[in-house]
Undergrad: 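Have a look at the structure that comes next, please.
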Amino acid sequence: MISGARNNPALTHPSLWIGAAMTACVVLLALIALVWTPQDPTAMEMAKRLQTPSAAHWLGTDRFGRDVLSMAMAGAAISLQVSFVAIAFGMAIGVPLGLFAAMRGGTLDEAVMRVSDFVFAFPALLTAIMLRELFGPGALNAMIAIGIFNVPVFARVTYGAALSIKTRDFVTASRLAGKSEMRIALDHVLPNVLPLLIVQATIQLSLGILAEAALSYMGLGVQPPAPSWGRMLNDAQTLMAIAPRLALVPGLCIVFTVLGLNLLGDGLRDWLDPRLRRRQA
Amino acid sequence: MSLLWLLRRLAGLVLALAAASAVVFILMDLLPGDPAEIMLGTNARPDTLAALRAEMGLDRPALIRYADWALGLLRGDFGRSLTYSVPVAELVWERLAVTLPLAVMAIALTLLIALPLGAMAAARRNSLTDSTIVAITQLGVAIPNFWFAMMLVLVFAISWRWLPSGGFPGWSAGPSAFLALILPAIALALPQAAILTRVMRSSLLETLGEDYVRTARAKGLTRSEALRRHAFRNALIPVLTILGLQFSFLIAGTVVIENVFSLPGLGRLVFQAINQRDLVVVRSVVMLLIGSIIIVNFCVDLAYALVDPRLRGRA
């Protein structure tokens, strides 16, 4: 399947390595933020409020005197954690559902696809609003709301790919050899769907980052004092006229991360899917 | 379009709306516990709580309450808001006067940007124009709409003072009402336009490779004539589907963007109601938004079948 691996991906797919490098930067910053930030991102110091960038505060301070760089780093960690858990949640439910529907066919197939169509009508924001009374506003609420929206995405991708792989000769051969449908699904279909799932997961991660930012901005996601990019933007909004820098930093962090993940997703798709490459050539 | 096919789709629509209302009711009314206590807070006096419980009919079985609420929605009775002391339907009607024009402006803007840009990129494939357009759309998808909205305010409202930074003067104010919606509509349209430009580009590239386009070229049409007369219309089919799917993002976007610009629309209403814990308003408006997404997708399905009769058999 991964015949393109023979080529040097860095040379043939520039978006792959540009995206991978951008994503690696963000992941590295987030990992560092888990153990160290230049200052405590939650420590308020009113005497130092709204300072412009200096040697002590590379990106300045916000209206409570908190260090913007430390907040942005800690925000990266939270943003990635929420999106990662949400996408894992979507995959954990969506992939088995899609696989099962494709292997069994018939009424079940129809039912799973209808339900996933239905779930598409619930954007993460509205789900988060509905779940607010149940879980309270916070990271968990955001993870579940974004996760639920991802279930049908992964169910559909898995279903579509599994349907076409199911008709291949090697699957028929395994069936003739007496393997059960379950074994065939796990041994032959799933490994072949995997590249597609990795690509989709990368793209969904970028959408997850955007959704998490929107939820935190609206006060439905990560709660203060935990720093998050969306929260920082919300705080910055009333200060746009005097300190636009406060809105620029978290905004650019989001754009950089999402752009990196999207480029990585595009590059991975081109690299992992030889059929697509042939069509484009 | 066969009647049986239409009836089946209609039954599916009714079922989806019923299921959506059940989900909303279960998540917002049953699972969190006592709605009266949530609305009034844990320190509320017992007699006030009892009065609200009686007003909301919380002493009745859940199934009856659900049926009452769902049938009320069908009649246009969305319940009574606790904070505003008016029927929710009245609030919704008032707020739609902002949300609906905003959504229409955003969709119009999306199409105005995406269709020509996508067509231009496809017509000049692999040129500098094409790669520039593709790069811009890549960036457009990555920019959060509410941040873009803030940047628009910074440039057009704070620095240049061309347009208002927020608020809505009401339609009686004439052109200034329209001006108040321009920046919000642009912010809403950006990510949608970026996605749709890419869909339009790839869809057009695909149709340009079809036999009928080659025949048209063989008859002596230039590439751009063939594109305009034959490929463009056929390329619109996937664009229509994606536009329908994007409607749910547009609705979510409206809720956020109305809050950035303090526009008195449905999104702002639902957000204020969350903070005021006015569950009656939140529940009905959320249902209304989800219902509109389901209905729009149903209409897209119908339009799809009208445009391409081959799909009816498959549906």
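Residue numbers begin at 1 in each chain, while the letters A, B, ... track the order of the sequences. Below, each value reflects all heavy atoms present in this structure, side chains not excepted, and no hydrogens, waters or symmetry copies. Fair warning: this is a prediction, and the values are worked out from it, not measured in the lab.
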Undergrad: Can you tell me how far CD1 of A/I129 sits from CG of B/L289, rounded to the nearest 0.5 angstrom?
TA: 8.0 Å
Undergrad: Which atoms of A/L261 come close to chain B, meaning under 4.5 Å heavy atom to heavy atom: side chain ones, backbone ones, both, or neither?
TA: neither
Undergrad: Determine, step by step, whether A/F118 and B/I294 satisfy the side-chain contact (heavy atoms from CB on, under 4.5 Å) criterion, reporting the C-alpha distance in whole Å, the side-chain angles of both residues, the deciding distance to 0.1 Å, and the verdict.
TA: CA-CA 8 Å; A/F118 174 70; B/I294 294 175; 4.3 Å; yes
Undergrad: Side chain, backbone, both or neither: which part of B/V256 has an atom under 4.5 Å from a heavy atom of chain A?
TA: both
Undergrad: Identify the heavy atoms of B/M150 and A/L233 that sit nearest to each other, and give their distance.
TA: CE-O, 3.3 Å
Undergrad: Could you check if a side-chain atom of A/I209 sits within less than 4.5 angstrom of a side-chain atom of B/P144, using non-hydrogen atoms only?
TA: no
Undergrad: Closest approach of A/P123 and B/A252, non-hydrogen atoms and distance?
TA: CB-CB, 4.0 Å
Undergrad: Taking B/I158, B/V282, B/L15 one by one, which has the highest count of heavy-atom pairs under 4.5 Å against chain A?
TA: B/I158
Undergrad: With B/V141, which of A/I203, A/V258, A/L210, A/N262 fulfils side chain to side chain contact (heavy atoms under 4.5 Å, CB included)?
TA: A/N262
Undergrad: Examine whether an atom of B/V296 lies under 4.5 Å from a heavy atom of chain A, and if so say whether it belongs to the side chain, the backbone or both; otherwise answer neither.
TA: neither
Undergrad: Out of B/G291, B/P191, B/A16, return the one with the most heavy atom pairs under 4.5 angstrom to chain A.
TA: B/A16
Undergrad: Apply side-chain contact (heavy atoms from CB on, under 4.5 Å) to residues B/I290 and A/F122 and explain how you reach the verdict.
TA: CA-CA 6 Å; B/I290 289 171; A/F122 291 79; 3.4 Å; yes
Undergrad: Where does A/L131 contact chain B at under 4.5 Å (heavy atoms): side chain, backbone, both or neither?
TA: side chain
Undergrad: For B/L279, which atoms come within 4.5 Å of any heavy atom of chain A: side chain, backbone, both, or neither?
TA: side chain
Undergrad: May I ask you to name which of B/N145, B/I143, B/I274, B/N297 has the most heavy-atom pairs under 4.5 Å with chain A?
TA: B/I274
Undergrad: With distance as the sole test, does B/W147 use its side chain to make a donor-acceptor pair with the main-chain N or O of A/V255 at under 3.5 Å?
TA: no
Undergrad: More than 12 heavy atoms of other residues, nucleotides or ligands under 6.0 Å from CZ of A/F84: yes or no?
TA: no
Undergrad: Calculate, to the nearest 0.5 Å, the distance between atoms CD and OG belonging to A/Q237 and B/S165 respectively.
TA: 9.5 Å
Undergrad: Taking side chain as everything from C-beta outward and backbone as N, CA, C, O, which of these in B/R277 sits under 4.5 Å from a heavy atom of chain A? Side chain, backbone, both or neither.
TA: side chain
Undergrad: Any idea which of B/V153, B/L139, B/V260 has the most non-hydrogen atom pairs under 4.5 angstrom with chain A?
TA: B/V260
Undergrad: Any chance you could measure B/Q138, atom CD, to A/L259, atom CG, to the nearest 0.5 Å?
TA: 6.0 Å
Undergrad: Please classify the contact between B/A19 and chain A as side chain, backbone, both or neither, with a heavy-atom cut-off of under 4.5 Å.
TA: both
Undergrad: Chain B heavy atoms under 4.5 Å from A/F120: which part of the residue, side chain, backbone, both or neither?
TA: backbone
Undergrad: Please flag which part of A/D266 lies under 4.5 Å from any non-hydrogen atom of chain B: side chain, backbone, both or neither.
TA: side chain
Undergrad: At a heavy-atom separation under 4.5 Å, does A/L252 approach chain B through its side chain, its backbone, both, or neither?
TA: both
Undergrad: So if I apply the side chain to side chain contact (heavy atoms under 4.5 Å, CB included) rule between B/L27 and each of A/E133, A/M130, A/R132, which one comes out positive?
TA: A/M130
Undergrad: Quick one: what part of B/F249 sits under 4.5 Å from any heavy atom of chain A, side chain, backbone, both or neither?
TA: side chain
